[in-house]
*Asks:* 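Before we start, here is the structure in question, set down as structure tokens.
In this text, all values refer to a predicted model and were calculated from it rather than measured experimentally.
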Amino acid sequence: MSFSDWPELKRLFTERFASKTQVDWLKVFDGTDACVTPVLSFDEVSSHPHNRERDSFIKDSSGEEFPRPAPVLSRTPAEPCLASSPAVGEHTVDVLLDYGYTSAEIDKMLAAGIVQCDAVKAKL
């Protein structure tokens with residue numbers, strides 16, 4: 001086999017893998033020592049048995065799903081933050097005030113489009 005054989009090999013592999021469904025291939029390799037795993041979409045990955053068994057995905061306080069921090073250590077496990085991530089610009093004014101900018105300077109930067117401020121309103 002050489003580099004010049006790759007296009008033909010690619011064609012053969014493509015043809016062979018297209019001859020069965022993903023479920024069929026999983027059955028073929030189930031219980032073997034072959035390193036085979038399905039290619040999953042983002043919608044499928046968290047419900048895959050491997051990931052469910054290992055609690056690989058968790059939901060934050062808004063119900064959004066994301067990967068659990070890895071590796072999971074038995075003696076010093078990480079405790080993921082389940083709060084929602086801040087929105088872009090949510091803390092812009094506070095940060096700029098902390099760095100010493102005045103409200104007038106911040107208003108000018110906002111008006112010029114230099115910074116973005118999308119303060120989140122309380123959900124009462």
*Asks:* Can you name the residues that form a side chain to side chain contact (heavy atoms under 4.5 Å, CB included) with F66, not counting sequence neighbours?
*Replies:*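 With neighbours one apart ignored, the set is I58, D60, L82.
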
*Asks:* Side chains of V88 and Q116, heavy atoms from C-beta outward: is any pair under 4.5 Å?
*Replies:*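 Answer yes - side chains close enough.
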
*Asks:* Taking all non-hydrogen atoms of both residues, which atom of E65 and which atom of S46 are closest, and how far apart?
*Replies:*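 Looking at all heavy atoms of both residues, the shortest contact is OE1-OG, 2.8 Å.
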
*Asks:* Taking atom types as modelled and ignoring hydrogens, do the side chains of H48 and R52 form a donor-acceptor contact shorter than 3.5 angstrom?
*Replies:*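 No.
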
*Asks:* What is the minimum heavy-atom distance between A34 and F29, and which atoms define it?
*Replies:*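 Taking A34 first and F29 second, the nearest heavy atoms are CB-CD2, 3.7 Å.
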
*Asks:* Less than 4.0 Å between a side-chain N and a carboxylate O, is that true for R11 and E8?
*Replies:*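 A salt bridge links E8 with R11.
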
*Asks:* Which heavy atom of P86 sits nearest a heavy atom of H91, and at what distance?
*Replies:*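 Looks like CB-CE1, 3.5 Å.
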
*Asks:* Within the 3.5 Å criterion, strictly below it, is a donor on Q22 or D24 matched to an acceptor on the partner's side chain?
*Replies:*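 No, D24 and Q22 have no side-chain donor paired with an acceptor closer than 3.5 Å.
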
*Asks:* Can V36 be reached from F17 by stepping across I, L, V, M, F, W or Y side chains whose heavy atoms are under 4.5 Å apart?
*Replies:*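 Yes; tracing contacts between hydrophobic side chains, which count when under 4.5 Å, links both residues.
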
*Asks:* Would you give the length of the straight line joining atom OG1 of T21 to atom CG of L26, rounded to the nearest 0.5 angstrom?
*Replies:*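 Nearest 0.5 Å value for the OG1-CG distance: 8.0 Å.
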
*Asks:* Does N51 reach the main-chain N or O of V45 with its side chain, forming a donor-acceptor pair under 3.5 Å?
*Replies:*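 Judged by distance alone, yes, a pair lies under 3.5 Å.
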
*Asks:* Hey, does the side chain of E15 reach the backbone of L12 with a donor-acceptor pair shorter than 3.5 angstrom?
*Replies:*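 Flag not set: sc E15 to bb L12 has no pair under 3.5 Å.
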
*Asks:* Sub-3.5 Å donor-acceptor pair from the side chain of E53 to the main-chain atoms of H50, do we have one?
*Replies:*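 Not a single qualifying donor-acceptor pair exists.
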
*Asks:* Taking all heavy atoms of S19 and all of W25, pick out the closest pair and write down the distance.
*Replies:*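 In this case the closest contact between S19 and W25 is OG-CZ2, 4.3 Å.
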
*Asks:* L96: which other cluster members, linking ILVMFWY side chains closer than 4.5 Å, directly or transitively?
*Replies:*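 Cluster partners of L96: V93, V95, L97, Y99, Y101, I106, M109, L110, I114, V115.
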
*Asks:* Which residues pass the side chain to side chain contact (heavy atoms under 4.5 Å, CB included) test with V72, not counting sequence neighbours?
*Replies:*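 Per chain and number, V72 pairs via side chain to side chain contact (heavy atoms under 4.5 Å, CB included) with R68.
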
*Asks:* Describe, in one word, how the ring planes of W6 and F3 are oriented to each other, choosing from parallel (under 30°), tilted (30 to 60°) and perpendicular (over 60°).
*Replies:*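 The rings of W6 and F3 stand perpendicular, inter-plane angle above 60°.
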
*Asks:* First locate atom OG of S103, then atom NZ of K108, and finally report the distance between them rounded to the nearest 0.5 Å.
*Replies:*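 With rounding to 0.5 Å, OG (S103) is 12.5 Å from NZ (K108).
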
